[in-house]
2 protein chains.
Amino acid sequence: MMIDTILVSLQQSGHRDTRPRRAIVEVIVGRQGAFTAREIVAEMAPHGFGRATVYRTLAALQSLGYVTRLHVGPECDRYTISDGSHHHHLVCTACGAVFPIAGCEVEQAAHTVARRIGFAVDGHHLDVYGRCATCGVRRRSED
Amino acid sequence: MMIDTILVSLQQSGHRDTRPRRAIVEVIVGRQGAFTAREIVAEMAPHGFGRATVYRTLAALQSLGYVTRLHVGPECDRYTISDGSHHHHLVCTACGAVFPIAGCEVEQAAHTVARRIGFAVDGHHLDVYGRCATCGVRRRSED
DNA sequence: GTGGTTGCAAACGCTTTGCAACATG
DNA sequence: CATGTTGCAAAGCGTTTGCAACCAC
C-alpha cells in the first residue's frame with residue numbers, strides 16, 4: 001500500500017505516524033490527481049484536523065519528494081502525488097487528472113538550448129495542461 | 001524604443017499614457033531580466049507611486065503579453081519581459097538573466113507524449129533555471 | 001469635461017507560526 | 001517520559017480593492 005510506504009518514509013526521516021497525517025496521506029493518495037491545500041484542509045475539517053497540520057504535512061511530503069507543486073497557467077497552488085522520478089506532468093484542467101511525462105524527452109530539448117549558450121542547468125519545471133482523453137471525448141459530445 | 005512601443009499598445013487597448021505607468025515600464029525594460037512585483041514597488045516608492053499602481057500596470061502588461069510570469073522552483077512571483085512569441089525560459093538564479101528557449105523543441109517533446117495518451121494540449125509552461133554562462137564562470141573563479 | 005487612473009489604507013486569501021496540551025515510540 | 005505533533009488563534013505576506021482626488025485626452 002502506497003500509504004504505508006509514505007508513512008514509513010516519514011518515520012525514517014524522524015517524523016511520527018499520527019492519525020491526522022495518515023488521514024491526509026490517504027486523501028492525497030486516493031485522489032490520484034491534482035489538488036490544492038485548500039481542498040485537503042476542507043476534507044480534514046470534519047475530522048477535527050486543522051489547516052496548520054495539513055500545511056505542515058504537505059511540506060514534509062514535499063521535502064521527501066512524494067508531492068510536487070504544479071504550475072498550471074497562472075495558478076501555482078496545486079500539488080500532485082509524485083514518486084520523485086519525473087518532474088513533468090500533463091494536467092487535465094477538466095478533471096484534474098495528472099499524467100507523468102517521461103523526463104528525458106523534454107530535458108533533452110532544454111539541455112540542447114542550454115548547452116548552446118553555455119547555461120548550466122540546475123533544474124526545471126514543466127507542466128502541460130489541457131484535456132485528458134476522457135474529458136476530451138466528453139467535451140465533444142456534451143459541450 | 002521598446003518603451004514607447006509598449007505605451008502605444010497600452011493606449012491602443014484603451015489605457016492611457018501616464019507618468020507612473022511610463023516609469024514602471026521603463027524600469028521593467030531596463031532590467032532585461034526576471035523581477036518581482038516587490039522589487040518594482042520598491043523602485044517606485046521614491047517617486048511616490050504606490051504598489052496598487054504597480055500591480056495594476058503589471059496586470060495590464062501581462063494581458064497584453066509584454067510580461068510573463070515565471071515559475072522557477074518553488075517561486076511563482078517572478079516576471080519577465082516577453083514579446084509573446086516564446087513561453088519558455090532559461091532563468092539564471094544568480095543574476096536573474098532570462099534567455100528564451102525556442103518553443104518548438106520542447107513543445108514537440110510534450111506533444112509526442114500527449115498524442116500517445118490522447119491528451120489535448122491547451123497550453124504549457126516551462127522554466128529552466130541554473131547559471132548563465134557569465135555567472136557560471138564567475139562561480140568557478142570566485143566561490 | 002469625462003472617464004480612466006492614482007495613492008492610500010483597509011481588506012483579502014493563503015500560508016506560517018507561537019503556544020500549551022497531547023500522544024507516539 | 002521525552003520529543004515530535006496537534007489545534008487554535010493570531011500574525012505574516014503578497015496582492016487586490018473601495019474610494020475620493022486627479023489628470024490624460
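First the proteins, then the strands, lettered A, B, ... as listed; each starts at 1. Only this structure's heavy atoms are used, side chains among them; waters, hydrogens and symmetry mates stay out.
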Handout entry: E43(B)/R31(B) salt bridge by N-O under 4.0 Å criterion
Key =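 Yes, this pair counts.
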
Side chain of [X] only, heavy atoms from C-beta on: which candidate in [options] is closest?
X	options	result
D77(A)	dC19(D), dT15(C), dG18(C)	dT15(C)
P20(B)	dC25(D), dT6(C), dT17(D)	dT6(C)
R16(A)	dA23(C), dC19(D), dT16(D)	dA23(C)
D17(A)	dG18(D), dG25(C), dC8(D)	dG25(C)

Practice task
Just call it for R19(B): base, sugar-phosphate, or nothing, with non-hydrogen atoms closer than 4.0 Å on any strand.
Solution key: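 If one applies the 4.0 Å heavy-atom cut-off, R19(B) turns out to touch nothing in the nucleic acid.
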
Can you measure [X] atom [atom1] to [N] atom [atom2] for me and round it to whole angstrom units?
X	N	atom1	atom2	answer
L58(B)	dG14(D)	CG	P	15 Å
Q12(B)	dG4(C)	CD	C1'	17 Å
R51(B)	dC12(C)	CZ	P	18 Å
R22(A)	dT24(C)	CZ	P	12 Å
H47(B)	dT6(C)	NE2	P	15 Å
L10(B)	dC25(D)	CG	P	11 Å
I40(B)	dG14(D)	CD1	C1'	15 Å
M44(B)	dC8(C)	CE	P	14 Å

Exercise for the section: Side-chain contact test, heavy atoms from C-beta onward, threshold under 4.5 Å: evaluate it for Q62(B) versus R69(B) and give yes or no. Expected result: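 Of all side-chain heavy-atom pairs linking R69(B) with Q62(B), at least one is under 4.5 Å.
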
Problem - Spacing of NE2 belonging to H15(A) relative to CG belonging to L7(A), to within rounding of 0.5 Å - result: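 Between atom NE2 of H15(A) and atom CG of L7(A) there are 11.5 Å.
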
Problem - Pairwise 5' ranking along DNA chain C for G14(B) and F49(B), keeping only the more 5' one - result: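 The answer here is G14(B).
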
Exercise for the section: Could you pick out which residue, H15(A) or H15(B), lies toward the 5' side of DNA chain D when each is mapped onto its nearest nucleotide? Expected result: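 By nearest-heavy-atom nucleotide position, the 5'-most residue is H15(A).
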
Exercise for the section: Report the residue (V54(A) or Y79(B)) whose heavy-atom-nearest nucleotide on DNA chain D is the more 5′ of the two. Expected result: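 Residue closer to the 5' terminus by nearest nucleotide: V54(A).
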
Tell me whether the OP1 or OP2 atom of [N] has a side-chain N or O from [X] closer than 4.0 Å.
X	N	value
Q11(B)	dG4(C)	no
Y55(A)	dT16(C)	no
R56(B)	dT16(D)	no
T18(B)	dT6(C)	yes

Handout entry: R22(A), CZ: over 12 other non-hydrogen atoms inside 6.0 angstrom
Key =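 Check passes, neighbour count above 12.
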
Exercise for the section: Could you walk me through whether L64(B) and I6(B) pass the side chain to side chain contact (heavy atoms under 4.5 Å, CB included) test, one step at a time? Expected result: CA-CA 9 Å; L64(B) 287 177; I6(B) 296 178; over 6 Å; no

